[in-house]
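What follows is one structure encoded as structure tokens, with my remarks underneath.
Given the structure is predicted, the values throughout are model-derived calculations rather than measurements. Protein chains get the first letters and strands the later ones, always in sequence-line order, with residue 1 at the start of each.
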Amino acid sequence: MVAATEAIVNGPGMSSRERVLERIAKANSKAAGVPESIPRGYDCGSTQSTDETVALFERRLQDYDARVFRIRSNEIAARAAEILQSGHRQRIVVPDGLPTAWRPAGLAWIPDDELSIDVLNAVDGVMTGATLGVAVSGSIVLQHGPAEGRRVLTLLPDYHLCVIQAAQVVETLPEAFARLDSARPVTFFSGPSATADIEMTRIKGVHGPRFLDVLLVED
Amino acid sequence: MNLVQLNPPSPDPKTAPPFPAAAKIDLRDTQLRRNIARATDTIQRKRAALVEEKKDWQALRDAGAAIRREALRNLDGYLLQFEDRFQAAGGTVHWAANAAEANRVALDILREHDAREVIKIKSMTTAEIGMNEYLAQHNVTAHETDLAELILQLGGDQPSHIVVPALHKNRQQVREIFARSMGLPGLSDDPEALTAAARQYLREKFLRVKTAICGANFLIAETGGVTIVESEGNGRMCLTLPETLIAIVGIEKVIPRFADLEVLLQTLPRSATGERMNPYNSIWSGVIPGDGPKNMHVVLLDNGRTRVLRDGIGRQTLQCIRCGACQNACPVYRQTGGHAYGSVYAGPIGAILTPQLEDMRHAQSLPYASSLCGACYEVCPVKINIPEVLVHLRARVVDRGRRKLASLFDQERAGMMMMAAIFASSRRYEAAQRLARTAQRTVRHGDAWYHWLPGMAGRWTETRDLAPLPQETFREWWQQRRRS
Amino acid sequence: MRIALFITCYNDTLFPRTGQSVVRVLERLGHTVEFPLEQTCCGQMHFNTGYAREAYPLAKRFVEIFADAETVCIPSSSCVAMIREYYPALARENEDAGMAAAVDSLLPRVFEFSELLVDALGVTDVGAYFPHRVTYHASCHGLRSLHLGDKPLRLLRAVRGLELVPLEGLEQCCGFGGTFAVKNADVSAAMLTEKTRAVLNTRAEVCTACDNSCLMHMQGMLHRQFAGVRTLHLAEVLAGTEDVLG
């Protein structure tokens with residue numbers, strides 16, 4: 001059907017694809033050539049100590065009203081229980097690959113077994129790991145593999161409890177890109193969803209999760 | 001009545017009134033001017049603070065400009081590479097030479113899936129091609145899901161800014177639109193309450209509608225990746241919940257490498273909204289098994305872009321990453337807002353992009369809608385020399401006029417020709433100076449200022465006085481002094 | 001130093017006192033001023049309005065007249081910006097290799113008035129006396145093309161008797177923009193209203209700048225409003241001494 005449309009518009013013989021490519025080639029006849037080298041004089045590495053980077057990451061997340069809990073790795077389950085229970089969050093979705101040791105007893109853990117969007121829309125929250133953190137911008141990056149799950153898991157529930165290791169936190173965006181797997185999907189989130197569309201007043205929580213807690217594991 | 005069906009026609013540069021005429025009307029709208037000044041001041045202040053703290057800002061601009069320039073230089077190769085990778089990942093790539101083709105391709109896909117409704121992510125490109133109206137004519141309802149776009153759609157209004165499309169509306173105006181169209185008479189005008197109302201209104205649509213349409217901020221040649229940069233999460237909803245997703249993307253949006261994002265994702269959010277990073281960025285290629293839409297289409301749109309590419313000076317316009325910083329910085333936009341530009345692309349970038357997309361046949365007043373103050377170039381994260389392009393396009397407008405007989409009677413042209421002849425010789429120039437003074441003596445007494453002038457100069461004296469010519473030019477004084 | 005003055009067409013015709021003040025300041029500092037009488041216009045108005053074809057011979061003419069000058073002083077940022085930013089392009093587009101070479105060699109010798117004083121001559125105190133409350137308007141070309149920065153302010157701060165008050169919204173255009181002021185007269189007037197409001201808020205008696213074009217624009221509205229503020233080119237402020245008031 002689509003191909004038929006193209007044939008109608010272009011007449012037989014030349015597809016839109018060929019036409020556009022031909023126009024580009026013609027327009028670029030003077031300009032095209034050896035690729036221009038990109039001057040990468042911007043900051044590509046870290047300028048701070050690991051402690052400073054982690055502290056900056058924590059500060060940036062807090063600027064976005066996320067809560068950050070610095071903990072040891074053997075405290076994950078206990079702190080998760082404390083946080084979830086004090087927030088009265090019971091029904092928590094977990095992606096495949098989230099270590100069972102992270103899940104405290106006494107909560108209704110819901111494994112993501114191709115859960116429908118209606119189910120996801122009704123749970124109390126989601127708990128995941130992360131691929132890395134970027135300190136300067138306070139970003140958490142997911143690549144949606146084990147312990148991170150499908151993209152929708154961290155979208156529909158209104159609450160996200162994210163576990164990230166201090167060693168996963170880099171200072172700058174170029175360091176983050178050097179570590180990312182370009183073949184996998186990527187989601188950056190930098191604070192809860194927000195809008196400033198009405199009189200430039202920043203309002204938190206439009207469509208994504210409105211509440212983010214981060215367990216920052218320091219060993 | 002379902003107000004969502006209201007799709008006012010996109011502004012059409014072919015029929016829009018000239019900028020000065022449209023601006024004159026909008027300048028009288030005190031509410032509009034107040035809203036715009038407030039919004040642009042806020043974003044500019046936030047942006048300036050973040051640029052100040054970024055010590056490598058100029059290096060990032062240099063890199064960003066080079067990345068975008070390189071993408072355009074070898075555009076066909078990068079597009080083919082993107083197509084190859086994206087299709088290898090299970091997506092489908094379509095090519096559209098113009099707006100009509102892009103709309104048809106999208107409609108055909110929608111029909112294939114029996115879609116009568118679509119959810120949409122804010123996209124300047126779909127506004128450019130008038131997609132919502134087109135779909136409405138073919139009985140498909142498009143629901144805008146960006147808060148600002150929702151305000152505009154429900155209010156039957158048009159975007160006036162690239163990044164903050166409803167910045168010309170204040171909270172009372174938004175309240176009125178929402179109260180009326182969502183049936184919430186008791187709604188307050190607190191932005192928090194208005195946002196919550198939109199969240200609730202749209203959540204139902206996100207969960208129900210199975211087809212989505214989006215644009216893209218970047219296409220990545222190396223990986224076949226599509227990048228969407230957003231704040232509200234409506235983008236992520238549209239990218240992950242539906243079964244079918246169609247991205248309408250201008251061919252210029254491609255970048256060579258995945259790692260090029262390490263530059264552009266630093267400059268774009270800081271320039272656009274004055275944030276170190278916007279809340280959400282999504283990058284993916286094709287169809288992700290078990291995650292998100294099963295049918296993923298990208299429509300690569302030309303619609304005049306290759307025409308812009310042909311112009312050696314004008315082509316830098318295509319480096320644009322749609323951050324809107326030039327609009328916030330522009331003192332002309334600050335006064336008039338975006339509607340006067342008669343195009344979905346307003347402000348300085350619109351003043352250079354629109355007439356080029358129209359092959360200089362329409363929107364000829366736009367290159368003149370600037371005092372050439374240079375604020376736009378200064379803030380541009382990919383270093384588009386907008387004043388240079390504006391002046392270049394003015395020359396193209398003038399050169400088109402040279403071929404017309406009527407131009408012989410054009411007051412401006414006649415004046416310019418006469419001045420050029422006078423400046424070509426110092427003797428003629430001095431004679432003209434004397435003649436002007438003689439002429440002044442016949443109409444003026446003493447040294448009274450001009451409150452009225454004839455012809456084009458009369459536009460000056462509508463709001464400004466003009467001092468009379470002095471009794472002596474500098475060169476007369478100089479010669480006199482040398483003699484004595 | 002022998003300094004060739006390019007007065008610019010509108011200063012010559014409309015603001016002769018600016019030129020006289022430039023001469024007075026430079027001579028007071030012990031320099032010799034020359035004024036090539038064949039000079040007319042740099043071509044900026046034509047070029048910026050879209051008449052690049054007409055601007056080219058004017059640009060060529062300027063380059064020829066000043067080719068041998070030791071130093072060129074221009075009391076107008078916008079004309080200097082025209083010469084620096086667009087003369088090389090005009091030569092290139094007209095495939096005029098001779099002009100391109102001449103422009104290359106000439107450009108390092110071309111200075112805007114405040115640049116000449118601060119950068120080339122290394123002075124900020126020119127021995128001026130000007131007992132008035134003054135605010136400084138940064139013209140767009142001075143600000144963004146020439147990057148004059150605080151050079152004019154340093155000169156003003158060294159003037160005895162002068163009370164300098166900052167202008168709010170310094171980086172904002174006054175709305176002149178050459179033919180923009182008549183082609184988009186309404187928008188231009190709206191921009192100018194914001195600018196004159198800022199000037200009036202300073203309660204200065206005098207508003208100064210490195211460009212008479214902006215000043216003519218601002219004075220046009222201030223005069224219409226009987227606002228009681230004068231505009232004066234920087235050179236006229238710097239020309240004032242105890243004996244001769246600027």
Side-chain angles (χ1 to χ4, degrees), chain B residues 19-20 23-24 27 33 331-332 334-336 365 367-375 377-378 388 391-399 412 416-417 419-420 422-426 429 433 436 449 451 456-467 469-470 472-479, chain C residues 7 9 11-20 23 35 37-41 43 45-55 57-58 61 85-86 140-141 143-145 171-173 175-192 194 216-217 219-221 223-224:
Chain B
F19 181 81
K24 189 174 185 126
L27 285 171
R33 286 180 65 179
V332 173
R334 179 189 168 82
Q335 303 297 340
T336 64
S365 65
Y368 292 93
S370 165
S371 64
L372 303 178
C373 83
Y377 181 29
E378 190 174 56
E388 179 188 33
V391 170
H392 170 71
L393 296 180
R394 290 176 184 188
R396 284 186 62 186
V397 171
V398 167
D399 287 343
E412 173 194 304
M416 287 290 172
M417 294 304 156
M419 295 296 274
I422 288 169
F423 289 142
S425 131
S426 56
Y429 167 69
Q433 287 179 325
W449 286 46
H451 308 299
M456 267 180 75
R459 299 306 313 274
W460 177 281
T461 48
E462 281 171 8
T463 50
R464 292 152 290 212
D465 290 341
L466 188 69
L469 290 172
E472 185 182 50
T473 64
F474 173 78
R475 63 179 58 226
E476 286 165 344
W477 173 82
W478 176 268
Q479 285 167 295
Chain C
I7 187 64
C9 60
N11 280 330
D12 184 10
T13 313
L14 303 174
F15 302 97
R17 288 174 58 101
T18 294
Q20 292 162 20
V23 173
F35 183 78
L37 281 164
E38 320 84 79
Q39 64 178 278
T40 58
C41 168
M45 178 185 72
H46 284 95
F47 187 79
N48 281 354
T49 312
Y51 294 82
R53 199 185 287 180
E54 285 72 23
L58 298 178
R61 193 181 146 78
E85 291 185 346
Y86 293 118
C140 297
H141 286 106
L143 187 71
R144 301 198 181 86
S145 298
E171 66 300 329
Q172 194 97 3
C173 175
F176 175 63
T179 46
F180 175 78
V182 292
K183 281 166 112 54
N184 276 285
D186 307 309
V187 184
S188 169
M191 291 161 72
L192 179 57
E194 267 198 53
M216 176 173 76
H217 194 226
Q219 182 71 84
M221 187 169 272
H223 189 270
R224 170 79 45 106

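- Side-chain contact check for C:Val23 versus C:Gln20: every heavy-atom pair is 4.5 Å or farther apart.
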Dump the intermediate steps for side chain to side chain contact (heavy atoms under 4.5 Å, CB included) on C:Arg224 and B:Trp449, then the final yes or no.
CA-CA 9 Å; C:Arg224 170 79 45 106; B:Trp449 286 46; over 6 Å; no

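- If you measure heavy-atom distances from B:Glu462 to chain C, the contacts under 4.5 Å come from both the backbone and the side chain.
- For B:Trp460, the parts sitting under 4.5 Å from any heavy atom of chain C are the backbone and the side chain alike.
- Between chain B and the options C:Ile7, C:Asn11, C:Leu192, C:Thr179, heavy-atom pairs under 4.5 Å are most frequent for C:Ile7.
- In this structure, the portions of C:Glu38 lying under 4.5 Å from any heavy atom of chain B include both its backbone and its side chain.
- Note: B:Arg475 CZ to B:Tyr429 OH = 5.0 Å, rounded to the nearest 0.5 Å.
- Note on C:Ala190, C:Cys173, C:Gly175: by heavy-atom pairs under 4.5 Å with chain B, the leading option is C:Ala190.
- Centroid-to-centroid, the aromatic rings of C:Phe35 and B:Phe474 come within less than 6.0 Å.
- The residue among C:Glu54, C:Met221, C:Gln219 with the most heavy atom pairs within less than 4.5 Å of chain B is C:Glu54.
- For C:Leu37, the parts lying near chain B are the backbone and the side chain together; criterion is any non-hydrogen pair under 4.5 Å.
- Side-chain N/O atoms of B:Gln335 and C:Asp186 include no donor and acceptor closer than 3.5 Å.
- Taking 4.5 Å as the limit, every side-chain heavy atom of C:Thr40 sits out of range of all side-chain heavy atoms of C:Cys9.
- If you tally non-hydrogen atom pairs under 4.5 Å between each of B:Gln479, B:His451, B:Met417, B:Glu412 and chain C, the highest count goes to B:Glu412.
- In this structure, B:Leu466 and C:His223 have side chains that are not in contact, with every pair of non-hydrogen atoms separated by 4.5 Å or more.
- Most heavy-atom pairs under 4.5 Å with chain B: of the set C:Gly177, C:Ala185, C:Ala52, C:Ser188, this distinction falls to C:Ala185.
- Contact of B:His392 with chain C is not made at all, since no heavy-atom distance falls under 4.5 Å.
- When heavy atoms are compared at a cutoff of 4.5 Å, C:Leu143 does not approach chain B at all.
- Both the backbone and the side chain of B:Phe423 come within contact range of chain C, each with at least one heavy atom under 4.5 Å from a heavy atom of that chain.
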B:Arg394 vs C:Phe47, test: side chain to side chain contact (heavy atoms under 4.5 Å, CB included). Steps then yes/no.
CA-CA 9 Å; B:Arg394 290 176 184 188; C:Phe47 187 79; over 6 Å; no

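- Minimum heavy-atom separation, C:Ala189 to B:Arg464: N-NH1, 4.4 Å.
- For C:Thr18, no part lies under 4.5 angstrom from a heavy atom of chain B.
- Both the backbone and the side chain of B:Glu472 come within contact range of chain C, judged by heavy atoms closer than 4.5 Å.
- The residue among B:Pro470, B:Ala395, B:Cys373, B:Pro20 with the most heavy atom pairs within less than 4.5 Å of chain C is B:Cys373.
- Looking at every heavy atom in both residues, C:Asn184 comes nearest to B:Tyr368 through ND2-O, 3.0 Å.
- Proximity to chain B involves both the backbone and the side chain of C:His217, based on heavy atoms less than 4.5 angstrom apart.
- You'll find the side chain of C:Phe180 reaches within 4.5 Å of the side chain of C:Met191, heavy atoms only.
- No other option in C:Met45, C:Arg61, C:Glu85, C:Gln39 has as many heavy-atom pairs under 4.5 Å with chain B as C:Arg61.
- Between chain C and the options B:Ala424, B:Ala457, B:Ala467, B:Gly374, the largest number of non-hydrogen pairs under 4.5 Å is found for B:Ala424.
- Distance check, rounded to the nearest 0.5 Å: OG of B:Ser371 to CG of C:Asn48 gives 10.5 Å.
- Classification of C:Arg144 and C:Glu171 as a salt-bridged pair fails, no side-chain N sitting under 4.0 Å from a carboxylate O.
- Only the side chain of C:Tyr86 comes within less than 4.5 Å of a heavy atom in chain B; its backbone stays farther off.
- The greatest number of non-hydrogen atom pairs below 4.5 Å with chain C, out of B:Val397, B:Thr461, B:Leu469, is found for B:Thr461.
- Both the backbone and the side chain of B:Thr463 come within less than 4.5 Å of a heavy atom in chain C.
- At a 4.5 Å heavy-atom cutoff, the contact between B:Val332 and chain C is made by backbone and side-chain atoms alike.
- The contact between B:Leu27 and chain C is made entirely by side chain atoms (from C-beta outward), counting heavy-atom distances below 4.5 Å.
- Chain C forms the most heavy-atom pairs under 4.5 Å with one residue out of B:Gly458, B:Ser425, B:Ala23, B:Ser365, and that residue is B:Ser425.
- If you measure heavy-atom distances from B:Arg33 to chain C, the contacts under 4.5 Å come from the side chain alone.
- Rounding to the nearest 0.5 Å gives a distance of 8.5 Å between OG1 of C:Thr49 and CG of B:Leu372.
- Minimum interatomic distance between B:Phe19 and C:Val187 (heavy atoms only, all atoms of both residues): CE2-CG2, 4.0 Å.
- Of the listed residues B:Met419, B:Met456, B:Glu476, the one with more heavy-atom pairs under 4.5 angstrom with chain C than any other is B:Met419.
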